[in-house]
Amino acid sequence: MGKRSRRTRLAACAVAAGAMLSGLAPAAGATVAQAATPSSAASAADDPAPGHEGMPDDGFDDEPEGEQDDFAGAGAGAGAAAAAPSAAPAAPVPGRAADFKLATGTDISALVTRLDAALPKQGLTELMEQANRAAGWEGACGTAGIYGSDLAVNHRVCWKSDDATSSEWVPQAITGVSDAQEDEDWGTSNAEPIAVAGYDAENPGRSDFTAGRDNCVQDSASDACNEKGIRVSFFNQATRMYRHVLLVWPYMNSKDHISFDALHAREGKCTTGVTSSCAAQNGIHAGGMVWYGNYLYVADTANGMRVFDLRKIMDLNPDNNADVNDPTPDGLVSDVLDKKRVGRQSNVWYSYGYRYVMPQVATLKFTTAKNGGTTSGNQCYATGRPKASYISLDRTGTDHMVLGEYCNTNNGGSSPGRVGTYPMTELTAAVEGATGTVANADLAYGLPTGATFNGEDLWHKIQGVTRYEGKWYFHRSNGYDNGRLLQATPETVDGTSRLVGNAKTLESAFGPEDLYLAHGRGDGFPPQLWSLGEHAPSKCGACKREVYSYNMAEVISDFG
């Protein structure tokens, strides 16, 4: 039997005036023509379930616009001169580890199990073998003008042109197989994957299809219309290819079917459509990420961390032929060409055009109340719930996660930021434990104060941190210019342990972000300090997005 054309199948899949986004039901009784015949149970009437509200409020706090933005706040703007910094305290306020306490959120394991049964899976090793986007390597990345003069760049990776210039997707966080396991050998692959998270920066919100407002599904709408949340790009170091995976949130939709949506801070309790009184929230920022064992921890600034399981990567196009909708284990089909729909809609699975999705399996939420001060300009405070702006892994002793805050003291607040550490045994136990299981931080510090840079505080605007052999390393951004790599050492002053900053700073790259330490114990290579740039060339003449590494031995030597 011959294949139907893509145009014919899309026409057959259209329902009523078009399918709404996940959880927002199309007209009652609408049906869909499919490329595979579903089971009789799966093809039952796809009608809303009486009294079922659809996507529930997941309890996450929203994140403000301008998160981790050097230009956020009063008088801010690209190229604007820095505002006069607020008076810094004479000494850093000691960190309070209790403020960093995390607890397991609502149990969503049953949702993940149902989604797991509905969709086919793909292992990371196989995903790496099927990476479909070519990255540049070393000299193929062209000019090295984004890098500073103090550090020699060892490795350079550059994105395919559309990712390198995208205004929708902005890279932020980095981790890799060296975080995942000690021997750096994932499965049977020699890919030694590096993972980079990017967020949907355009944050346009969601459409209200039935009201005809901001209709993201109409032909004239851009693919970037919907808020897509977070995607993770897995880079294969052996083949120098990479592949995007969309992170998603599982839920029961308004028809009481398992579905998924892109990551949002919170959804309103909508019973029909998205309206002005029931609006979808902004996506999260994902400023930091750690891959540890099977789990991927993603920083959620306002809430704590969202956790994903690499054993649950769903494959919506197993035959690798996007032109034919693939059958799914639940008797439906999946469509990976439609970039404007997500989740289960009218008996078809969509994923904003991505072949792979990875559902959230757990949430680790801060238990401390927020400080009452405003955070609209990235202000931070010495007490209360911290921000989860960036995270990394320290493997140089007992495995610990390091978490810290991005702050802009130009706009006020009482702290340039705090950092805390968690034993990974506590975090793993919380992920796998019942709701309310606590993960305690065992250490916290306030960042150093007093030093200045370009007329403002040096120890703020921190975008990444790692701890290595007892010393702390921070990546400090600087608008559309070279950032700085900073170093601090714990010292006891007047009976209190504090971080004391090294007076020397090292000029880093434009738009410096998260940090990842590849220790090299498995592959025998010297330890590498990896980071990445976030700014597309459209942001400034010298801006460029690359992933890059420094030899850690040189970093240590240059700090003296």
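- Summarising the geometry, atom OG belonging to Ser549 is positioned 7.5 Å from atom CD1 belonging to Ile194; distances are rounded to the nearest 0.5 Å.
- Between Leu393 and Met401, the closest heavy-atom pair is CD1-N, 4.3 Å.
- The two residues Pro329 and Ala118 make their nearest non-hydrogen contact at CD-O, 3.2 Å.
- Shortest non-hydrogen contact noted between Tyr548 and Ala509 is OH-CB, 3.5 Å.
- In this structure a side-chain-to-backbone donor-acceptor pair under 3.5 Å is present from Thr435 to Asp107.
- Taking OH from Tyr356 and CG from Leu119, the interatomic distance works out to 13.5 Å, rounded to the nearest 0.5 Å.
- Distance alone, capped at 3.5 Å, places no donor-acceptor pair between the Lys539 side chain and the Gly511 backbone.
- The shortest non-hydrogen separation linking Ser161 to Thr165 is O-OG1, 2.9 Å.
- One distance of note links OH of Tyr292 with CG of Asp179; it measures 10.0 Å at 0.5 Å rounding.
- Distance alone, capped at 3.5 Å, is enough to place a donor-acceptor pair between the Ser178 side chain and the His519 backbone.
- No donor-acceptor distance shorter than 3.5 angstrom exists from the side chain of Arg521 to the backbone of Glu184, with no hydrogens or angles considered.
- Side-chain contact check for Met424 versus Tyr297: some heavy-atom pair is nearer than 4.5 Å.
- Of the possible polar contacts, none joining the Thr301 side chain to the Lys387 backbone as a donor-acceptor pair under 3.5 Å is found.
- By the 4.5 Å heavy-atom criterion applied to side chains, Leu263 and Phe308 are counted as neighbours.
- The heavy-atom pair separating Ala164 from Pro537 by the smallest distance is O-CD, 3.5 Å.
- Atom CD1 in Ile391 sits 12.5 Å away from atom CG in Leu515 (nearest 0.5 Å).
- Shown are Phe235, Trp137, Trp159; of these, the ring-ring contact (aromatic ring centres under 6.0 Å, His included) with Tyr242 is made only by Trp159.
- Contact of the Leu364 side chain with the Thr104 side chain is registered, since non-hydrogen atoms from C-beta on lie closer than 4.5 Å.
- Taking CG of Leu246 as the reference point, atom CD1 of Ile313 lies at 12.0 Å (rounded to 0.5 Å).
- Panel note: side chain Gln237, backbone Glu192; a donor-acceptor pair is recorded below 3.5 Å.
- The shortest heavy-atom contact between Ala262 and Gly229 is CB-N, 4.1 Å.
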- Item | Residues Asp163, His244; criterion side chain to side chain contact (heavy atoms under 4.5 Å, CB included); working and verdict | CA-CA 10 Å; Asp163 293 328; His244 301 309; 3.1 Å; yes
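- Counting heavy atoms from C-beta outward, Leu337 and Asp323 have side chains that approach closer than 4.5 Å.
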- Task: Mind running side chain to side chain contact (heavy atoms under 4.5 Å, CB included) on Asp116 and Lys121 for me, showing each step along the way?
- Result: CA-CA 8 Å; Asp116 193 28; Lys121 291 192 298 297; 2.8 Å; yes
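- Ring geometry for Trp249 against Phe60 counts as perpendicular: the plane angle is over 60°, on a 0 to 90° scale with 30° as the lower cut.
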- His155 and Glu138: CA distance, side-chain angles, deciding distance, side chain to side chain contact (heavy atoms under 4.5 Å, CB included) verdict: CA-CA 6 Å; His155 294 306; Glu138 312 293 23; 2.9 Å; yes
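- A side chain to side chain donor-acceptor pair (under 3.5 Å) with Gln172 is found for one member of His285, Glu67, Gln463 and no other, namely His285.
- Between Glu168 and Ser166 there is a side-chain heavy-atom pair separated by less than 4.5 Å.
- Looking at Asp514, its side chain does come within 3.5 Å of a backbone N or O of Ile174 through a donor-acceptor pair.
- The only option from Arg306, Lys312, Arg311 that meets the salt bridge (Lys or Arg N to Asp or Glu O under 4.0 Å) definition with Asp309 turns out to be Arg311.
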- Arg133/Asp162 under salt bridge (Lys or Arg N to Asp or Glu O under 4.0 Å): CA gap, chis, key distance, verdict: CA-CA 11 Å; Arg133 301 181 73 77; Asp162 55 343; 2.4 Å; yes
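- Looking at Glu426, Met305, Lys365 one by one, the single match for side-chain contact (heavy atoms from CB on, under 4.5 Å) with Leu102 turns out to be Met305.
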- Derivation of the side chain to side chain contact (heavy atoms under 4.5 Å, CB included) call for Tyr516 and Thr466: CA-CA 7 Å; Tyr516 157 55; Thr466 195; over 6 Å; no
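- Remark: the Thr421 side chain and the His400 side chain contain no N/O donor-acceptor pair separated by less than 3.5 Å.
- Atom-to-atom distance recorded for Ile230:CD1 and Glu227:CD is 8.0 Å, nearest 0.5 angstrom.
- Geometric assessment of Arg231 against the ring of Tyr199 yields a negative cation-pi assignment under the 6.0 Å and 45° thresholds.
- A 4.5 Å side-chain heavy-atom check between Trp169 and Asp200 finds at least one atom pair inside the cut-off.
- The main-chain N or O of Ala434 is found under 3.5 Å from a side-chain atom of Thr437 such that the two form a donor-acceptor pair.
- The shortest distance between side-chain heavy atoms of Val248 and Met314 does not fall below 4.5 Å.
- Side chain to side chain, Arg355 and Asn320 meet the donor-acceptor criterion of an N or O pair below 3.5 Å.
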- Working for ring pair (Phe, Tyr, Trp, His ring centres under 6.0 Å), residues Phe234 and Trp186: CA-CA 13 Å; Phe234 287 96; Trp186 188 257; 9.6 Å; no
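- Inter-residue side-chain proximity for Leu296 and Met289 is flagged as met; some heavy-atom pair is nearer than 4.5 Å.
- A donor-acceptor distance shorter than 3.5 angstrom exists from the side chain of Thr175 to the backbone of Trp291, with no hydrogens or angles considered.
- Looking at Arg243, its side chain does come within 3.5 Å of a backbone N or O of Gln130 through a donor-acceptor pair.
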